[in-house]
Amino acid sequence: MEAESEPYVRLATMRQLHQAVADLNRARSLADTLQAVADGIVAGLGYELGCVNLVRPDGDLVVAAFAGNDAAEALITGRVGSRESWERRLSMGEPWDELRFIPHTEGWVLLDDDVPQWHTDGPEPRFEDEWHPLDRLYAPMYASGGGMDLLGVLSVDRPRNGRRPGAWGREALQMYASQAAIAISNARLRANMQRALVRLEREQQALRASEESFRQAFEYAPSGMAIAEMGGDQHGRLLRTNDALCRLLGRPASVLRRYSFADLVHPEDIGTLLRTSAEGGRAELRLGRRDGSYLWVSLRNSVVADTADGPRFLLTHVEDIEERKRNELNLAHRASHDALTGLPNSAELRSRLSARLCERPHSVAASSASTAIEALDAAYGDTGASPAHGYRADGYEGEALPGGGPYDHHVHTVAPDEERDDGTKGLAVLFCDLDGFKSINDRFGHHTGDAVLIEVARRLATCVRDGDTVARLGGDEFVVLADGLGAADAADLAVRLRNAIIPPIRVDGRAVRVGASFGIGWAECGMTVEEVLSSADQRMYVEKRSRSKVHRRAG
């Protein structure tokens, strides 16, 4: 497995990508945005050089920003490459989805065209996937609106690890190019809007012309725009909306005028909306559509003032970020789940278990659970929908952790008495190890072994309740977390799970069998995650040794 596919590397990549996109949104001008795009390629995506080639009004592309090498920046910034040469490059090489990779075996023919270029020096590659100094990788940027109107091209050179980017790196670069295109388009839009607002304040004699300019910028903006009342009993009520916002929310302008954003926001996001300041405020939240669904949007507020009367109304820019949020959700899921079975992985299992435990009664010290939750909070931002607010990407309902510490209002987890049934219910931890799995791998190969693991995972998941966790710890080891069980309940569950695994599994027309040994441990506050898992693991081995070979089923 490639190092970049490891869960922690994926999560680190997601954090870096999220930070790079956040830097784009903080840029105050088009020039700052373009430089932030180039810097993000180097700092966020891990390439040695990053270049932003922007389409000019005449169709040619100019080097608008560069990062990674001061000498190269001074040499090629501002230089222009013809549209014909660029189209030739974007039609060559290997298509990596929307990216275009031109290996050095083809790129030599481009050495003499008029596109500004710079290459890092380095030795000849020793491995098949090693980056060659003359390899080229381009990420086209298209204007928002779903069309193929070329806005510019990001060109990158030499990943820092010296390898051609794998699927994970390609996806990150493609996502970044998409967000960079939105940021550049929005920077242009904001520049136009700011110029219109300046004219409204300073050109009183040309008021009608300024109002018409503002009207066109508002009405024909590619993303949603709204004007809301400021002050008084009707504070926040929508006075005017553009066609893009009406389409976004599936509501006509006449209907939207009955609402404020507070009426449309998802109940879980109302706090985020209220915390957003009017002047220069920005928030990511969900707005309700006519069909009852909710859409993730980014709100950016500006106050439009009258020089005599002060603030007049609030101008809100509404950007559709549903796709980015879906990608973030997918990245978070992939970072916390096993790639083969789709079950929560070892890190996610430990995070969920840690969230239920405190090292000492009433402790407010942060544990590994809070660390994992804060990491995912950083990926989502303060949206109210991250795991720290009681919701996980895979639907797992955990405890909300409000207030000053991760154990405020914590209900302590206790273990039932296994000697006598006193009615205590606890968090059972069932450690499962497959019997006979190694012989299947040795005899039929890893393809059959993988198919067995997938089917066992499916059978385990179908035998537990909603809210229980089935995780793959690694290899042929699985762990089940089941809350609210007594000792007898846990033993019954282990029998049901074992019986679900025993039936033959058909792979490529062949029936194979595996058995399973279960050890039942109990999570209890005061224990560490490793102590809980070790206890269940030891009990599993006791059970495995105590069962005769006659009762084990090998595939």
Side-chain angles (χ1 to χ4, degrees), residues 1-2 5-11 14 168 329-356 368-369 372-373 375-376 379 387 391-398 427-438 440-441 446-483 485 490 493-494 496-503 505 507 512 514-521 523 529-530 532-534 536-537 540 555:
M1 181 179 293
E2 296 183 48
S5 66
E6 294 297 331
Y8 293 109
V9 175
R10 293 179 174 180
L11 187 57
M14 182 176 65
W168 186 258
L329 194 65
N330 182 49
L331 286 171
H333 179 86
R334 291 167 62 182
S336 61
H337 284 68
D338 177 50
L340 177 65
T341 64
L343 296 178
N345 59 19
S346 176
E348 178 66 8
L349 169 69
R350 285 171 166 79
S351 176
R352 293 188 185 185
L353 186 53
S354 182
R356 290 296 313 277
S368 58
I373 289 170
L376 288 178
Y391 175 77
R392 292 187 180 272
D394 56 8
Y396 174 78
E397 292 288 336
L427 176 58
V429 181
L430 284 72
F431 200 107
C432 170
D433 183 81
L434 300 184
D435 299 329
F437 177 75
K438 183 178 183 301
I440 292 177
N441 258 345
H446 289 286
H447 168 73
T448 300
D450 288 349
V452 168
L453 291 175
I454 293 170
E455 176 60 17
V456 168
R458 187 194 67 79
R459 294 181 181 184
L460 290 173
T462 57
C463 288
V464 299
R465 305 162 302 175
D466 291 341
D468 291 345
T469 293
V470 179
R472 184 186 177 199
L473 196 60
D476 60 347
E477 295 178 336
F478 297 84
V479 173
V480 177
L481 303 182
D483 204 358
L485 299 185
L493 177 58
R496 292 200 306 273
L497 295 175
R498 182 183 296 112
N499 290 340
I501 293 173
I502 288 174
I505 299 172
V507 182
V512 296
V514 289
S517 297
F518 282 86
I520 303 174
V529 170
E530 295 306 324
V532 173
L533 294 177
S534 177
D537 186 22
M540 181 274 295

Going from CD on E477 to CG on L533, what distance comes out if it is rounded to the nearest 0.5 angstrom?
-> 10.0 Å

Taking every non-hydrogen atom, the tightest pair across P344 and T469 | CG-CG2, 4.3 Å

State the CG-CD distance between L353 and E348, to the nearest 0.5 angstrom.
-> 11.5 Å

Give the intermediate values and the outcome of side chain to side chain contact (heavy atoms under 4.5 Å, CB included) for residues I505 and V456.
-> CA-CA 9 Å; I505 299 172; V456 168; 4.1 Å; yes

Contact summary for D483 and D468, nearest pair of heavy atoms | N-OD1, 3.8 Å

Is it the case that T341 and R472 place a side-chain donor and acceptor less than 3.5 Å from each other?
-> no

Taking only residues two or more places apart in sequence or in another chain, which ones pass side chain to side chain donor-acceptor pair (under 3.5 Å) with N499?
-> none

Where do I501 and F478 land on the side chain to side chain contact (heavy atoms under 4.5 Å, CB included) test, with the steps shown first?
-> CA-CA 12 Å; I501 293 173; F478 297 84; over 6 Å; no

If only atom types and distance count, is the side chain of S351 paired as donor or acceptor with the main-chain N or O of A347 below 3.5 Å?
-> no

Under 3.5 Å: donor-acceptor pair, side chain of R459, backbone of A500 | yes

Among L343, D433, V479, N345, side chain to side chain contact (heavy atoms under 4.5 Å, CB included) partner for L473 | V479

Approximate separation, where rounding is to 0.5 Å, of L460 CG and L430 CG | 10.0 Å

How close do N441 and G449 get, heavy atom to heavy atom, and via which atoms?
-> OD1-CA, 3.4 Å

Evaluate the side-chain hydrogen bond (donor to acceptor under 3.5 Å, both in side chains) criterion for residues S346 and R350: first the C-alpha distance (whole Å), next the side-chain angles of each, then the deciding distance (0.1 Å), finally the verdict.
-> CA-CA 6 Å; S346 176; R350 285 171 166 79; 2.2 Å; yes

Which value, rounded to the nearest 0.5 Å, describes the distance between T462 atom OG1 and L497 atom CG?
-> 9.0 Å

Minimal heavy-atom distance between A490 and I520, with the atoms involved, is O-CD1, 3.6 Å

How many angstroms lie between atom CG of L349 and atom CG of D338, to the nearest 0.5 angstrom?
-> 12.0 Å

W168 vs L331, side chain to side chain contact (heavy atoms under 4.5 Å, CB included): CA-CA, chis, key distance, verdict | CA-CA 10 Å; W168 186 258; L331 286 171; 3.0 Å; yes

Under 4.5 Å between any side-chain heavy atoms of V514 and D435, yes or no?
-> no

Roughly how far, to the nearest 0.5 Å, is the CG atom of L427 from the CZ atom of R356?
-> 5.5 Å

Given side chains that start at C-beta, do those of E455 and V512 come closer than 4.5 Å, heavy atoms only?
-> no

V452 vs D476, side chain to side chain contact (heavy atoms under 4.5 Å, CB included): CA-CA, chis, key distance, verdict | CA-CA 10 Å; V452 168; D476 60 347; over 6 Å; no

